[in-house]
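Here the structure comes first, spelled out in structure tokens, and everything after it is commentary.
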Protein chains: 2
Amino acid sequence: MKISTLSEATGLSIDTLRFYEKIGLIDPPPRDDAGRRDYPEDVIGWIGFLGQLNATGMPQSERIRYAKLRRRGAETYTERRELLEAHREVIRERLALLQDTMALMDRKVEIYRDLESNALIAQENEE
Amino acid sequence: MKISTLSEATGLSIDTLRFYEKIGLIDPPPRDDAGRRDYPEDVIGWIGFLGQLNATGMPQSERIRYAKLRRRGAETYTERRELLEAHREVIRERLALLQDTMALMDRKVEIYRDLESNALIAQENEE
DNA sequence: TCTTGAGCTGGAGTGCGCTCCAGCCCGTAA
DNA sequence: TTACGGGCTGGAGCGCACTCCAGCTCAAGA
């Protein structure tokens with residue numbers, strides 16, 4: 001798969017794909033005769049997983065660490081599991097915070113609705 | 001309240017408090033005779049609210065917009081409500097993503113556990 | 001009186017995570 | 001055969017959200 005295809009498939013820009021390779025998030029793919037990257041199909045799944053770690057707040061350094069462990073194969077199962085377990089805790093905390101804030105938004109929205117209708121009534125009384 | 005007290009109360013650094021004032025997130029507080037900031041008590045609550053918006057992913061520019069609307073008082077109730085409603089939708093999406101990813105972490109952790117015990121069995125069989 | 005420390009200002013610097021650019025090579029279609 | 005589009009490299013630049021710094025003033029305690 002060419003880099004432009006992968007870019008479309010993943011939503012990452014071509015520059016970002018090359019950048020991810022440079023910092024070690026993606027394995028350097030084989031090249032064709034002209035020296036152009038030729039990605040294996042399964043990199044799409046890996047990039048999707050990286051995207052989820054990213055979107056849930058795992059810092060670059062940790063994603064790189066995970067990618068490096070992955071490259072070392074079976075001997076790093078335990079470390080990888082521990083890393084994901086730690087991230088799960090981060091997610092748990094974020095979930096709690098988001099739920100709190102969601103409830104707060106709900107309350108505030110109601111408060112503003114009340115204030116808006118009071119303002120309206122005040123206006124009517126003026127007429 | 002002096003800036004050091006506010007810093008301790010909110011967990012924001014003194015530099016960050018001055019920075020927030022500069023960009024319009026916090027109202028410029030009155031000064032004492034020596035020109036030092038003297039914050040009103042209620043700024044703590046406001047900063048806490050800003051913190052929640054921040055931690056749930058509202059960008060600086062939007063927080064500044066909200067702060068400016070707030071300064072204009074009652075005439076901006078509707079705009080403020082709409083802004084919070086929009087943020088509520090962002091939070092909803094993030095919640096969904098976090099929940100998905102949490103489930104994924106659970107599955108992956110289980111997979112790694114299996115792999116680890118299989119590796120152990122293989123090792124035993126070697127002996 | 002002197003020293004210490006908290007606070008002040010304007011502006012430079014930082015780390016993260018990309019994003020863009022110049023200048024090059026190469027394969028395909030007209 | 002030449003023009004074009006896509007890909008390549010190394011390195012510079014960027015936007016966000018702070019963070020740090022030099023050099024100053026001022027108040028209060030020893």
Side-chain angles (χ1 to χ4, degrees), chain A residues 1-40 43-44 46-68 87 90 94 97 101, chain B residues 1-40 43-44 46-68 87 90 94 97 101:
Chain A
M1 193 190 333
K2 321 184 283 178
I3 197 165
S4 54
T5 312
L6 183 60
S7 169
E8 275 163 36
T10 59
L12 296 182
S13 75
I14 290 174
D15 273 315
T16 300
L17 290 170
R18 286 194 287 244
F19 169 71
Y20 275 13
E21 181 182 330
K22 187 156 67 182
I23 64 174
L25 277 180
I26 298 177
D27 289 337
R31 304 294 183 110
D32 70 9
D33 293 352
R36 285 172 301 203
R37 290 170 178 81
D38 181 16
Y39 292 94
V43 77
I44 294 178
W46 169 238
I47 289 173
F49 179 57
L50 284 176
Q52 259 182 296
L53 294 181
N54 200 9
T56 55
M58 185 183 283
Q60 204 77 290
S61 56
E62 240 174 293
R63 278 182 295 158
I64 292 169
R65 191 168 149 243
Y66 188 89
K68 279 189 182 137
H87 188 53
V90 170
R94 293 198 177 215
L97 181 63
T101 306
Chain B
M1 195 189 334
K2 341 184 264 176
I3 198 165
S4 56
T5 312
L6 183 61
S7 169
E8 276 163 34
T10 59
L12 296 182
S13 74
I14 289 173
D15 274 315
T16 300
L17 289 171
R18 286 193 286 243
F19 169 70
Y20 275 14
E21 181 182 328
K22 187 157 65 182
I23 65 174
L25 278 179
I26 297 177
D27 289 335
R31 304 296 182 108
D32 69 10
D33 294 351
R36 285 171 303 202
R37 290 171 180 81
D38 182 17
Y39 293 93
V43 76
I44 295 178
W46 169 240
I47 290 172
F49 180 57
L50 284 176
Q52 258 181 296
L53 295 180
N54 199 11
T56 55
M58 186 184 282
Q60 204 76 291
S61 55
E62 243 174 291
R63 277 181 295 158
I64 291 169
R65 196 173 143 238
Y66 188 88
K68 279 189 183 139
H87 187 53
V90 171
R94 294 200 175 211
L97 181 62
T101 306

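Throughout, protein chains are lettered first and strands after them, A, B, ... in sequence-line order, and every chain is numbered starting at 1.
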Query raised in the report: When every nucleotide of nucleotides 22-30 of chain D is labelled 5' to 3' by its protein contacts under 4.0 Å (heavy atoms), B for base, S for sugar-phosphate only, - for none, what sequence of letters results?
Result: ----SS---
Report task. Whole angstrom is fine here: how far is it from CG in A/L6 over to P in D/dG7? Result -> 11 Å
Query - Length of the line joining A/K2:NZ and D/dG7:P, which is rounded to integer Å - result: 5 Å
Query raised in the report: Nearest nucleotide by nearest heavy atom, which residue falls closer to the 5' end of DNA chain C, A/R18 or A/L12?
Result: A/L12
Query - Interatomic distance, A/M1 CE vs D/dG7 P [rounded to whole Å] - result: 13 Å
**Report entry** Protein-nucleotide distance (A/K22, atom NZ; D/dG11, atom P), rounded to Å
**Finding:** 9 Å
Report task. Start with the C-alpha distance between B/R94 and B/T56, add both sets of side-chain angles, then the distance that settles side-chain contact (heavy atoms from CB on, under 4.5 Å), and finish with yes or no. Result -> CA-CA 9 Å; B/R94 294 200 175 211; B/T56 55; over 6 Å; no
Report task. Mind running side-chain contact (heavy atoms from CB on, under 4.5 Å) on B/Y66 and B/L25 for me, showing each step along the way? Result -> CA-CA 9 Å; B/Y66 188 88; B/L25 278 179; over 6 Å; no
Report summary line: Here the gap from A/I44 atom CD1 to A/L6 atom CG, rounded to the nearest 0.5 Å, amounts to 6.0 Å
Report task. Quickly work out the A/Y39 OH to D/dG7 P distance and round it to whole Å. Result -> 10 Å
Query - Touch class at under 4.0 angstrom, heavy-atom based, for B/R37 against every strand present - result: sugar-phosphate
Query raised in the report: Taking the side chain from B/T16 and the backbone from B/L12, do they hold a donor-acceptor pair closer than 3.5 Å?
Result: no
Query raised in the report: Which heavy atom of A/P29 sits nearest a heavy atom of A/E21, and at what distance?
Result: CD-OE1, 3.5 Å
Query raised in the report: Does OP1 or OP2 of D/dG15 have a side-chain N or O of B/Q60 closer than 4.0 Å?
Result: no
Query raised in the report: More than 12 heavy atoms of other residues, nucleotides or ligands under 6.0 Å from CG of A/D32: is that the case?
Result: yes
Report task. Please assess A/L97 against A/T101 for the test side-chain contact (heavy atoms from CB on, under 4.5 Å), listing each intermediate value before the final yes or no. Result -> CA-CA 6 Å; A/L97 181 63; A/T101 306; 4.1 Å; yes
Report task. Could you tell me whether the phosphate oxygens of D/dA17, OP1 or OP2, come under 4.0 Å of any side-chain nitrogen or oxygen in B/Y20? Result -> no
Query raised in the report: Whole Å only: how far is the CG atom of B/L50 from the C1' atom of D/dC18?
Result: 15 Å
Query raised in the report: Between atom CD1 of B/I47 and atom OG1 of B/T10, what is the distance when rounded to the nearest 0.5 Å?
Result: 5.0 Å
Query - 5' to 3' contact window, DNA chain C with chain A (heavy-atom distance under 4.0 Å) - result: C/dG17 to C/dG27
Query raised in the report: Quick one: B/I64 CD1 to D/dC18 P, roughly how many Å, whole number?
Result: 10 Å
Query raised in the report: What nucleotide, of D/dT9, D/dG7, D/dA17, holds the atom closest to the side chain of B/P59?
Result: D/dA17
**Report entry** Nearest-angstrom distance from the residue atom CD of A/E21 to P of D/dG7
**Finding:** 14 Å
Query raised in the report: Looking at CD1 of A/I26 and CZ of A/R37, how far apart are the two atoms once the value is rounded to the nearest 0.5 Å?
Result: 9.5 Å
